[in-house]
Amino acid sequence: MNKRKVGSAYEEKAVLFLKKQGLVILCRNFRNRYGEIDIVARDNKTTVFVEVKYRRDAKKGLPEEAVDYRKRRRICRVADYYRMIHGMGEFSPVRFDVVAFCGEEIRWFRNAFDYIG
């Protein structure tokens, strides 16, 4: 199985997991020239930008460790664009989460990182 198919399969698992937690999925694979956000969801009045990471095992590090500063910054830039085109004000509540799969174990890091401007 190629990496894109594996990634899509785990993104789907993350969507199902987040729905069970009460989030409403607004968008998947939101892209612009700066990058991509895997999932955009709503948690009550908060817009949640979710990065999904998968590793078969922890031999090459934990999946959540792959969301480094550069990746977080890129996600924030894409989130800025999403907020702009959807008319979200500067003070609209947002959150950045990571859903990490290590093998079949799922870990949800709510508010995994702060906005990087």
Problem set entry | Criterion side chain to side chain donor-acceptor pair (under 3.5 Å) on Y34 and D80, from CA distance to verdict | CA-CA 10 Å; Y34 297 114; D80 284 343; over 6 Å; no
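The shortest side-chain heavy-atom distance between R107 and P63 falls under the 4.5 Å cut-off. Residues N29 and D38 form a side-chain contact, since some pair of their non-hydrogen atoms from C-beta on lies under 4.5 Å apart. Using a 4.5 Å cut-off on side-chain heavy atoms (C-beta onward), R28 and V15 make contact. Residues E51 and D97 have side chains not in contact (no heavy-atom distance under 4.5 Å, counting atoms from C-beta outward). Contact annotation: the side chain of T46 never approaches that of N44 to less than 4.5 Å [non-hydrogen atoms, C-beta and beyond]. The shortest distance between side-chain heavy atoms of Y82 and H86 falls below 4.5 Å. Inter-residue side-chain proximity for I39 and I25 is flagged as met; some heavy-atom pair is nearer than 4.5 Å.
Neither F96 nor I116 shares a network with the other; the hydrophobic side chains, linked directly or stepwise wherever heavy atoms of I, L, V, M, F, W or Y lie under 4.5 Å apart, form separate groups for each. If you chain together hydrophobic residues whose side chains sit under 4.5 Å apart, L18 and F113 never meet in one group.
Screening residues 53-79 for ring pair (Phe, Tyr, Trp, His ring centres under 6.0 Å) gives Y10-Y54 as the qualifying pairs, with residues at least two apart or on separate chains.
Ionic pairing of E64 and R55 is not present here: no N-O contact between side-chain nitrogen and carboxylate oxygen is shorter than 4.0 angstrom.
Q21 and D43 form no side-chain donor-acceptor contact under 3.5 Å, judged by distance and modelled atom types alone. Judged purely by distance below 3.5 Å, without hydrogens or angles, the side chains of T47 and R42 pair a donor atom with an acceptor atom.
Looking only at distances, no side-chain donor or acceptor of S92 sits under 3.5 Å from a matching main-chain atom of M88.
Ring pair W108/F17 is perpendicular by interplanar angle, where above 60° counts as perpendicular and below 30° as parallel.
No more than 12 heavy atoms of other residues, nucleotides or ligands lie within 6.0 Å of CZ in R56, so this atom counts as exposed by the packing criterion.
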